[in-house]
Amino acid sequence: SALRVAMGRRVGSCYPRLLVLVWQALSNNGCVLALVQTPAWEHVMPQHENREQVETRPRTRYSHTLTAVGDEMVVAFGYFYDHWDGGGPTWHQDAWALPVASDLEQSQWRRVWKGGAAHEPPARMNHAAVALHEERRLLILMGSDIDHKKLDDLWELDVALGTWTPMVVVHSGPLPKARDCFSAVLVESNLFVYGGFHLGDLWRFSLESNSWSLLMDAPLLDHAGHPGKRAGHGVVVAPDGKGMYVYGGFRFPDDVSDPALGHGKLEDLWLYIVADNRWHLMPQVDGTQGGRQFFDMAVVPWWRDLNQAGNEEVKPTSHGLAVFAGAQCNPKCNLVGSLAVYSLEQHRWSTVSVEDEPLGKYHSSTVFLQDALWTFGGESYTPHMYHNSVQRMPWPPPRGAIVITYKDTVEL
């Protein structure tokens, strides 16, 4: 008889770590043993004490940004509370780049910019960063400074030279409020900025005219056709380059006019299509994976249909939205270290089972670059610590490590 597996755990073959043993009746009453590999986060750069690597590696931090720029990952700004060396509240004013070499043992951090000059951008946290189409350039915007004042500035960083240029805004109309814990993506030659604490407006900044345009304000009365006010959400450019996905986040009770639409931890997923200037609520078949806030999201290669048994070696030909770590609060907060992927074909969440799941943390950062998912920084509660290690998950994970939640069992 065929084996039935609850919770939709797929099984494969030819992997060294034993996760599931599958016995299948054959015509000769023989048996086939399938071994499923459990993937692991690889430690590319270990955690280190700040005082030990002051000039060669970035210090611990959270609420920073990590952005793929060419073949490098660029860390910029951030914050931590220095309990150990007596520094107290510490806002970073620096930028670092880590080349993603084929030989990871040869990868070393490079200080891009040290900071300190009056004509350069001030230290900040909870800002946003996007890679520009021009080679090795990064746009930094907004956030909050060392006095907890929200910022409304834009700066361009030459990652090769470590020099900053302020973006001069043409005042041709209304301007967005200063904000932090918001999202920003670049679609063609336009920067799209959405949300932030107590904000639900959507703005476009044209890199051709250096001017802002208000595309959509937060509705006076919440409705099912708009994601509303939120902060700490994840955002990515859609794979077709025609819009952006927004997932999760957080809002306060006084941010909503209709409590039925939810506050606190948010679990909804939205697609904004630029050509229509409209938000679309995305289905989540068989439910959400729990909702998150203060996490990062990345577009990754993904399979079109995980329900179909197939060759374990076949590469994915579609896309998914990978979310890692973050906080789950409603009202008590828990930090998670899990990795989940939303299929853009099946509109269903899957969980990637990993060996030795990382510590639960939030305000960390994640990017997809050169066939791997990378993460850096963040803050964890148990134990309480700030992070500066670099970890890497080779992609794609084995199909046998992917868990899909089904209402019924799945026959293999």
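FYI, the numbering just counts along the sequence from 1. What you see is a predicted model; the values in this text were computed from it and never measured. Every heavy atom of this structure was used, including side-chain atoms; hydrogens, water molecules and symmetry mates were not.
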*Verify the ring-centre separation between Trp270 and Tyr194: is it less than 6.0 angstrom?*
no

*In terms of the angle between their ring planes, are Tyr381 and His384 parallel, tilted or perpendicular, with boundaries placed at 30° and 60°?*
parallel

*Carefully, step by step, assess Arg124 and Thr65 under the rule side chain to side chain donor-acceptor pair (under 3.5 Å).*
CA-CA 11 Å; Arg124 66 190 64 205; Thr65 50; over 6 Å; no

*From NZ (Lys150) to CG (Asp180), nearest 0.5 Å*: 4.5 Å

*Measuring from His127:NE2 to Phe77:CZ, what's the distance to the nearest 0.5 Å?*
6.0 Å

*asked:* For a side chain to side chain contact (heavy atoms under 4.5 Å, CB included) check, start with the C-alpha distance between Val237 and Val299, then their side-chain angles and the critical distance, and finish with the verdict.
replied: CA-CA 8 Å; Val237 177; Val299 173; over 6 Å; no

*If only atom types and distance count, is the side chain of Thr90 paired as donor or acceptor with the main-chain N or O of Gly88 below 3.5 Å?*
yes

*Is there a donor-acceptor pair closer than 3.5 Å between any side-chain N or O of Glu379 and the backbone N or O of Tyr362?*
no

*Just wondering, do Ile140 and Pro121 contact through their side chains at under 4.5 Å, heavy atoms?*
no

*asked:* Quick one, Val69 with Leu157, criterion side chain to side chain contact (heavy atoms under 4.5 Å, CB included). Give me CA distance, side-chain angles, the key distance, then yes/no.
replied: CA-CA 11 Å; Val69 181; Leu157 172 65; over 6 Å; no

*With side chains defined as the heavy atoms from C-beta onward, is the minimum distance between Leu373 and Leu339 less than 4.5 Å?*
yes

*asked:* Can you classify the ring geometry of Tyr247 versus Phe295 as parallel (below 30°), tilted (30 to 60°) or perpendicular (above 60°)?
replied: perpendicular

*asked:* Check this for me: does any side-chain nitrogen of one of Arg251 and Asp222 sit under 4.0 Å from a carboxylate oxygen of the other?
replied: no

*asked:* My understanding is that only one of Val193, Asn190, Asn210 makes a side-chain contact (heavy atoms from CB on, under 4.5 Å) with Phe205; could you say which?
replied: Asn210

*Considering residues, nucleotides and ligands other than Asp356, do more than 12 of their heavy atoms fall under 6.0 Å from its CG?*
no

*asked:* Walk me through whether Phe80 and His92 qualify under ring-ring contact (aromatic ring centres under 6.0 Å, His included).
replied: CA-CA 8 Å; Phe80 81 109; His92 292 297; 5.5 Å; yes

*Any side-chain donor near an acceptor of the partner, Ser350 and Arg399, under 3.5 Å*: no

*Sub-4.5 Å side-chain heavy-atom contact between Val100 and Met73*: yes

*From CA spacing to verdict: side chain to side chain contact (heavy atoms under 4.5 Å, CB included), Lys229, His263*: CA-CA 9 Å; Lys229 298 177 180 179; His263 57 81; over 6 Å; no

*So, does Gln293 use its side chain to make a donor-acceptor pair with the main chain of Gly248 at under 3.5 Å?*
no

*Is a salt bridge present between Lys177 and Asp201, judged by a nitrogen-to-oxygen distance below 4.0 Å?*
no

*Under 4.5 Å between any side-chain heavy atoms of Glu357 and Val336, yes or no?*
no

_Ring centroids only, cut at 6.0 angstrom: are Trp109 and Phe376 within range, meaning strictly under it?_
yes

*Backbone N or O of Tyr386 within a donor-acceptor pair of the Gln47 side chain at under 3.5 Å?*
yes

*Would you give the length of the straight line joining atom OG1 of Thr351 to atom CD1 of Ile404, rounded to the nearest 0.5 angstrom?*
10.0 Å

_Whether over 12 other heavy atoms sit under 6.0 Å from Arg111 CZ_ = yes

*Check whether more than 12 heavy atoms from other residues, nucleotides or ligands sit under 6.0 Å from atom CD of Glu188, and answer yes or no.*
no

*Do side-chain atoms of Gln284 reach the backbone of Glu267 as a donor and acceptor pair under 3.5 angstrom?*
yes

*Is a donor on one side and an acceptor on the other found under 3.5 Å between the side chain of Thr288 and the backbone of Gly290?*
yes

*Does a side chain donor of either Ser389 or His43 reach within less than 3.5 Å of an acceptor in the other side chain?*
no

*So His363 and Phe294, would you call those rings parallel, tilted or perpendicular, with 30° and 60° as cut-offs?*
parallel

*Report the C-alpha distance between Ser365 and Asp296 in whole Å, list the side-chain angles of each, state the deciding distance to 0.1 Å, and finish with yes or no for side chain to side chain donor-acceptor pair (under 3.5 Å).*
CA-CA 6 Å; Ser365 52; Asp296 242 349; 4.9 Å; no

_Distance (rounded to the nearest 0.5 Å) between Phe197 CZ and Cys181 SG_ = 4.0 Å

*Non-hydrogen side-chain atoms of Arg137 and Val159 separated by less than 4.5 Å*: no

*asked:* Would you compute the distance between atom OG of Ser364 and atom CG of Leu335 and round it to the nearest 0.5 angstrom?
replied: 9.5 Å

*Go through the steps to decide whether Phe250 and Arg230 satisfy the test side chain to side chain contact (heavy atoms under 4.5 Å, CB included), and finish with yes or no.*
CA-CA 5 Å; Phe250 177 90; Arg230 70 182 62 208; over 6 Å; no

*Any donor-acceptor N/O pair, Lys315 side chain to Pro396 backbone, under 3.5 Å*: no

_Side-chain touch Pro301/Phe368, heavy atoms, less than 4.5 angstrom_ = yes

*asked:* Can you classify the ring geometry of Trp279 versus Tyr272 as parallel (below 30°), tilted (30 to 60°) or perpendicular (above 60°)?
replied: tilted

*Under 3.5 Å: donor-acceptor pair, side chain of Gln391, backbone of Glu42*: no

*asked:* Using modelled atom types and a 3.5 Å cut-off, is there a donor and acceptor pairing between side-chain atoms of Asp240 and backbone atoms of Lys242?
replied: yes

*asked:* A side-chain contact here means heavy atoms from C-beta on lying under 4.5 Å apart; do Leu186 and Leu139 qualify?
replied: no

*asked:* Quick one, Arg59 and Asp94 - any side-chain contact, counting heavy atoms below 4.5 Å?
replied: no

*What orientation do Phe252 and His198 show, parallel under 30°, tilted 30 to 60°, or perpendicular over 60°?*
parallel

*Give a yes or no on whether Ile273 atom CD1 has more than 12 heavy-atom contacts from other residues, nucleotides or ligands under 6.0 Å away.*
yes

*Could you give me the CA-CA distance, side-chain angles and deciding distance for Trp374 and Phe324, then say whether ring-ring contact (aromatic ring centres under 6.0 Å, His included) is met?*
CA-CA 10 Å; Trp374 304 75; Phe324 171 67; over 10 Å; no

